[in-house]
Amino acid sequence: MDINTIRKDFPILNQKVHGNPLIYLDTSATSQSPVQVVDAMSEYYNEYNSNVHRGVHTLGTKATDGYEQARMKVRGFINALRYEEIVFTRGTTAAINLVARSFGEANISEGDEIVVTEMEHHANIVPWQELAKRKNAKLVFIPLEEDGTIKLENVEAVMTDKTKIVAVTHVSNVLGTINDIKSIAEIAHRHDAYITVDGAQSVPHMSVDVQDLDVDFYAFSGHKMLGPTGIGVLYGKAELLDKMEPIEYGGDMIDFVDLRESTWTDLPVKFEAGTPMIAEAIGLSAAIDYINDIGADEILRYEQELVKYAYDKMSEIEGIEIYGPKEERAGLITFNLDGVHPHDLATALDSDGIAVRAGHHCAQPLMKFLGVSSTARASFYLYNTKDEIDFFIDSLKRTKEFFTHEF
Ligand code: 7TS
């Protein structure tokens with residue numbers, strides 16, 4: 001991995017913020033896109049912008065090819081068995097809502113249990129809460145260890161003969177915990193339950209093989225993996241998707257429409273009513289090419305090097321609290337500095353050109369578990385450097401000194 005070459009692909013990084021070089025440490029919220037992604041999308045708009053699955057004209061055919069090839073690209077990227085198992089959605093949130101509204105609606109009855117964790121992003125809690133309310137079902141939480149990890153024996157312990165769905169994140173966007181999805185899937189299936197996984201923070205940073213993990217559903221977003229906003233993916237096993245009802249109706253998803261009755265077309269378009277995100281799918285495809293060219297394993301290795309470097313240096317700062325596991329963590333660090341509110345900290349860092357996120361990170365139940373109302377978070381990707389981390393650490397120390405200095 002040649003970091004200088006990589007950084008040239010991200011012109012957005014080459015700018016000053018408040019007079020300082022931008023240091024972008026907020027990839028967990030949204031990653032930056034390389035020129036290859038932006039070029040692929042502008043090529044679509046400049047050369048073959050057209051609707052898909054409709055016309056026979058040349059542009060329409062080319063747009064359809066681009067859109068469907070993007071689906072094939074995603075299939076290979078997560079090693080799904082069939083391209084029909086790849087449904088394009090607006091993002092992770094929309095994908096999880098689709099599972100809850102469609103699969104959940106049909107498979108959850110009164111008294112059933114849906115297992116989640118306290119480390120979930122709101123996107124993987126609220127749809128299940130609402131489903132549970134509609135159905136008089138129960139949400140059950142896998143308890144977290146103090147360091148924010150999950151013990152498999154605790155997964156086993158919450159499973160009952162009423163458990164129908166286990167909904168869990170692969171990587172926590174706050175703690176950086178990497179959950180053992182393969183083992184959790186095995187436990188779920190042994191109890192005749194289904195597993196749906198929030199992959200928003202995993203797919204961008206490590207190679208994911210949905211067949212090897214043996215998950216039933218897996219959701220992720222384009223904008224966290226170098227791609228554009230407005231597109232994400234729901235992977236689902238074909239035999240499950242096949243039986244599911246759409247949650248949106250209209251053009252493209254129908255087979256035959258009569259005045260009072262209609263039938264649906266085949267997977268996966270059955271779940272993609274209306275004009276889909278064509279440019280975005282093409283951009284996502286270019287993002288996958290970019291990741292594949294470098295290699296997901298190489299990206300993970302580099303990020304692990306960065307996060308370890310940052311963790312060791314941050315740990316030396318007096319009065320810092322870092323949340324989540326010390327070892328085996330993804331490329332993000334959530335923390336608080338004694339005496340400095342996270343929002344003040346993020347504002348001070350911004351004046352040094354450093355972008356971090358502050359707040360509850362859409363994980364309010366987790367904040368409660370940690371006993372805080374908000375935290376700051378630095379997250380890393382393939383375009384960050386150790387020099388940037390040095391500057392960030394230096395800025396953290398200066399900020400702490402400023403806020404806690406006794407005059
Ligand atoms: N799940 C996880 C684990 C996430 O981190 C996020 C976004 C989502 C779901 C929702 O993804 P979306 O693309 O549908 O919005 N996480 C964050 C974050 O950590 N900071 O801003 C967004």
Does [X] have more than 12 heavy atoms from other residues, nucleotides or ligands lying within 6.0 Å of its [atom1]?
X      : atom1 : result
Gln211 : CD    : yes
Arg90  : CZ    : no
Gln15  : CD    : yes
Tyr249 : OH    : yes
Glu261 : CD    : no
Asn14  : CG    : no
Glu328 : CD    : no

Below 4.5 Å, heavy atoms only, C-beta onward: do [X] and [Y] meet side chain to side chain?
X      : Y      : result
Phe392 : Asp394 : no
Ser202 : Tyr218 : yes
Met277 : Phe88  : yes
Ile282 : Lys73  : no
Glu303 : Val307 : no
Ser28  : Gln201 : yes

Go through Phe103 and Glu245 one step at a time and tell me if the side chain to side chain contact (heavy atoms under 4.5 Å, CB included) criterion holds. CA-CA 8 Å; Phe103 183 81; Glu245 274 294 304; over 6 Å; no
I'd like to know whether Tyr383 forms a side chain to side chain donor-acceptor pair (under 3.5 Å) with Thr27, so could you lay out the CA-CA distance, the side-chain angles of the two residues, the decisive distance to 0.1 Å, and finally the verdict. CA-CA 10 Å; Tyr383 38 63; Thr27 286; 2.6 Å; yes
What's the spacing between [X] [atom1] and [Y] [atom2] if we round to 0.5 Å?
X      : Y      : atom1 : atom2 : answer
Arg329 : Asp147 : CZ    : CG    : 9.5 Å
Asp112 : Lys135 : CG    : NZ    : 9.5 Å
Met367 : Ser373 : CE    : OG    : 9.0 Å
Thr5   : Lys8   : OG1   : NZ    : 5.5 Å
Arg101 : Arg134 : CZ    : CZ    : 4.5 Å
Ile322 : Met314 : CD1   : CE    : 5.0 Å

Verify, without hydrogens or angle tests, whether [X] (side chain) and [Y] (backbone) share a donor-acceptor contact under 3.5 angstrom.
X      : Y      : value
Asp350 : Ala346 : no
Asn179 : Ile181 : no
Gln364 : His360 : no
Ser221 : Thr92  : yes
Lys270 : Asp242 : yes
Glu388 : Thr385 : yes

Name the orientation class of the two ring planes belonging to Tyr381 and His205 (parallel below 30°, tilted from 30 to 60°, perpendicular beyond 60°). tilted
Between Leu366 and Ser172, does a side chain to side chain contact (heavy atoms under 4.5 Å, CB included) hold up when you go through it step by step? CA-CA 10 Å; Leu366 180 56; Ser172 160; 4.3 Å; yes
Side chain to side chain contact (heavy atoms under 4.5 Å, CB included) between His189 and Asp214, worked out: CA-CA 9 Å; His189 291 147; Asp214 193 20; 3.4 Å; yes
Taking the six-membered ring for Trp and the single ring otherwise, decide whether the centroids of [X] and [Y] are under 6.0 Å apart.
X      : Y      : answer
Tyr235 : Phe220 : no
Phe217 : Tyr194 : no
His122 : His361 : no
His341 : Phe403 : no

Working note: His223 + Thr30, criterion side chain to side chain donor-acceptor pair (under 3.5 Å); need CA distance, chi angles, decisive distance, verdict. CA-CA 6 Å; His223 71 100; Thr30 288; 3.0 Å; yes
How far apart are the closest heavy atoms of Ala80 and Ile86, and which atoms are they?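 Where Ala80 meets Ile86 most closely, the heavy atoms are CB-CD1, 3.9 Å.
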Trp128 to Ala167 - nearest heavy-atom pair and separation: NE1-CB, 3.3 Å
Stepwise side chain to side chain donor-acceptor pair (under 3.5 Å) test for Asn79 and Asp209: CA-CA 5 Å; Asn79 195 33; Asp209 179 332; 3.0 Å; yes
Asn154/Glu145 under side chain to side chain donor-acceptor pair (under 3.5 Å): CA gap, chis, key distance, verdict: CA-CA 10 Å; Asn154 287 334; Glu145 299 305 294; 3.0 Å; yes
Against Pro34, only a single residue in Leu382, Asp289, Leu226 fulfils side-chain contact (heavy atoms from CB on, under 4.5 Å); can you say which? Leu226
Given Pro365, which of Thr117, Ile125, Val116 fulfils the side-chain contact (heavy atoms from CB on, under 4.5 Å) condition?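 Answer to the side-chain contact (heavy atoms from CB on, under 4.5 Å) test with Pro365 among Thr117, Ile125, Val116: Ile125.
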Evaluation steps, side chain to side chain contact (heavy atoms under 4.5 Å, CB included), between Lys237 and Leu240: CA-CA 5 Å; Lys237 283 183 182 163; Leu240 300 178; 4.2 Å; yes
